[in-house]
Amino acid sequence: MKNFYQDGPQLSNTFRSDEALQKILKSLLPADAQKVALPHLEHLGERAVTDMLTWAQEAESQPPVHVPFDPWGRRIDDIKTSHGWKALEKVAAEEGIVATAYDRRFGAASRVYQMALLYLYSPSSAIFSCPLAMTDGAARALELYADADLKARVLPHLLSRDPKTFWTAGQWMTERTGGSDVSGTSTDAHPFTGTSEFGATHSLHGTKWFTSATTSQMALTLARPDGAAPGSRGLSLFFLELRNDKGELNHIQIHRLKDKLGTKALPTAELSLQGTPARMIGGVGEGVKRIASVLNITRIYNSICAVGHMRRALDLAQDYSGKRQAFGKLLKDHPLHKSTLDSLEADFRKCIAFSFFVANLLGQEEVGEASASEKILLRVLTPILKLYTAKKSIHISSEVVEMFGGAGYVEDTGIPRLLRDAQVFSIWEGTTNVLSLDMLRAFEKDQAGQILEQLLVLNEAGSEELVRLQKLLTLSGVQKEQHAREIAFLIGNAVARIAMKKYSL
């Protein structure tokens, strides 16, 4: 033991080793889709542990840098990113991480296929999956609401498989006054009197406190047109392009990059819009309604990425348990260690089944195959899925860090990043409390409670959790709000078990 050095964990092809994903896809994808998707996913699973993993490590070790001025004092607000970060963007285009959902080659199953790609891509992407989420959300919003000329200009870029023409998108909603509560949005939209390549209708003035994907080519944002009503009712949705035809920022000043707990490779900035040309999408006051289509996409992305994160953490822990000896035997041979891992794997299976259950509903809705009740289920389950998988990801990541002992607390092993990055899943696109209340609003608006209760009764009859859930659903007002989190997690557990049974997990 004098010259002993512990071997660290190793990863193998992440598709080939993922039995749960394979079972789900064989259940959800028709035969013709499987012939195309499964070889593609095996290819991406290999990239995830080879070139992508190298680039992700480079992106993490060389975080973005804000350069406000050139050597002669001119304001340039350049954000420099690493070669690894740029290479991961190229992979996203090449592998069709966004485009696969929109070619709709396999109908509703195209969305399931795409989410499987995202699931394999995300853990080795240094969180480049974040700008991809907003790119996908922007594509859907433009597809639904934009005028034909704007669609023709932008969608080919967002859905491109050519890295030279591929665009990503930002989503700029957060201001100093709040994140999820956009009613205090102070960005103003004045009539635009100039000319622009994309048909700008307004110029925007205001500060965005937190803007992810600040190196993207376009963004969607909320602003209040002149004379619009106060609160969220007066907000409208706007499209903007970050740079003009000379490559200069379009009246945008970047104040600083955010120093975050995790997601260090992702450039996130605080910036001001100082007369930025923008084009309204939809009518005046329709901003919150229109941005909802973006949030539905990004919340499901958040869930898929959280589940991919869990799988990566567990893969590392499983491999390490067969290498590390303690107290006379391998970790995997200690009953308590094995029991702990088995429990985490069970949580993972719940989450992956739940996630693809909802992803399939999204695919059905997008191609017009979802029934009225399925549309309501998609609406109410999306916030539940997001909060459920986010919390499970944090729990699993924390346990895995602990399983590595001291090595799990040392930065150069890469293990601590699992926990730091996991925390973003419960914050981005709505915290647990915010999403729990969003769920209650869906109950009231769409009679989702009745439909969901029928679904659970059909599949969970007699369970103690269902009895508790039925009792809580009869509450009203403040009492119901106080129990919103418990309701959400009870529903999450129940639907996850339904999905596991459906996919034979």
So, are [X] and [Y] salt-bridged, with charged N and O less than 4.0 Å apart?
X      : Y      : value
Arg420 : Glu411 : yes
Lys208 : Glu270 : no
Glu60  : Lys264 : no
Lys471 : Glu464 : no
Asp438 : Arg379 : yes
Lys480 : Glu486 : no
Glu95  : Arg47  : yes
Glu429 : Lys386 : no
Glu286 : Lys289 : no

Determine whether a donor-acceptor pair (N or O, by modelled atom type, separation under 3.5 Å) exists between the side chain of [X] and the backbone of [Y].
X      : Y      : result
Ser426 : Ala390 : no
Arg224 : Thr185 : yes
Thr135 : Pro131 : yes

**Study point:** Non-neighbouring partners of Glu399 that pass side chain to side chain contact (heavy atoms under 4.5 Å, CB included), sequence neighbours left out
**Key:** Thr340, Leu344, His395, Glu402

Exercise for review: Please identify each residue that fulfils salt bridge (Lys or Arg N to Asp or Glu O under 4.0 Å) with Glu444, with sequence neighbours left out.
Suggested key: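 Expected list: none.
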
Exercise for review: Sorted by first residue and then second, give each ring pair (Phe, Tyr, Trp, His ring centres under 6.0 Å) pair with at least one member in residues 93-130; sequence neighbours left out.
Suggested key: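 Qualifying pairs, neighbours excluded: His40-Tyr113, Trp85-Phe128.
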
Exercise for review: Scan residues 400-454 for pairs that pass ring pair (Phe, Tyr, Trp, His ring centres under 6.0 Å), counting only residues two or more places apart or in two chains.
Suggested key: His309-Phe425, Tyr320-Phe404

Practice item. Taking the side chain as every heavy atom from C-beta outward, state whether Thr431 and Ser180 have any atom pair closer than 4.5 Å. Key: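 When only atoms from C-beta onward are counted, Ser180 and Thr431 do not touch, as no gap falls below 4.5 Å.
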
**Study point:** Heavy-atom check, side chain of Glu175 versus side chain of Thr177, under 4.5 Å
**Key:**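 Counting from C-beta outward, Glu175 and Thr177 do come under 4.5 Å.
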
Exercise for review: Assess the side chains of Ser129 and Ser122: does a donor N or O sit below 3.5 Å from an acceptor N or O?
Suggested key: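 Note: Ser129 and Ser122 side chains meet the donor-acceptor criterion.
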
In residues 22-31, what donor-acceptor pairs under 3.5 Å come from side-chain atoms, sequence neighbours left out?
residue, atom, partner, partner atom, Å
Gln22, NE2, Phe15, O, 2.8
Gln22, NE2, Arg16, O, 3.1
Lys23, NZ, Ser504, O, 3.3

Practice item. If a pair satisfies side chain to side chain donor-acceptor pair (under 3.5 Å) and one of its residues is in residues 322-331, list it, with sequence neighbours excluded. Key: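 Every pair satisfying side chain to side chain donor-acceptor pair (under 3.5 Å) with a residue in residues 322-331: Gln6-Arg324, Asp319-Lys323.
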
**Study point:** Arg468, CZ: over 12 other non-hydrogen atoms inside 6.0 angstrom
**Key:**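 Yes, because the 6.0 Å sphere around CZ of Arg468 holds more than 12 heavy atoms from other groups.
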
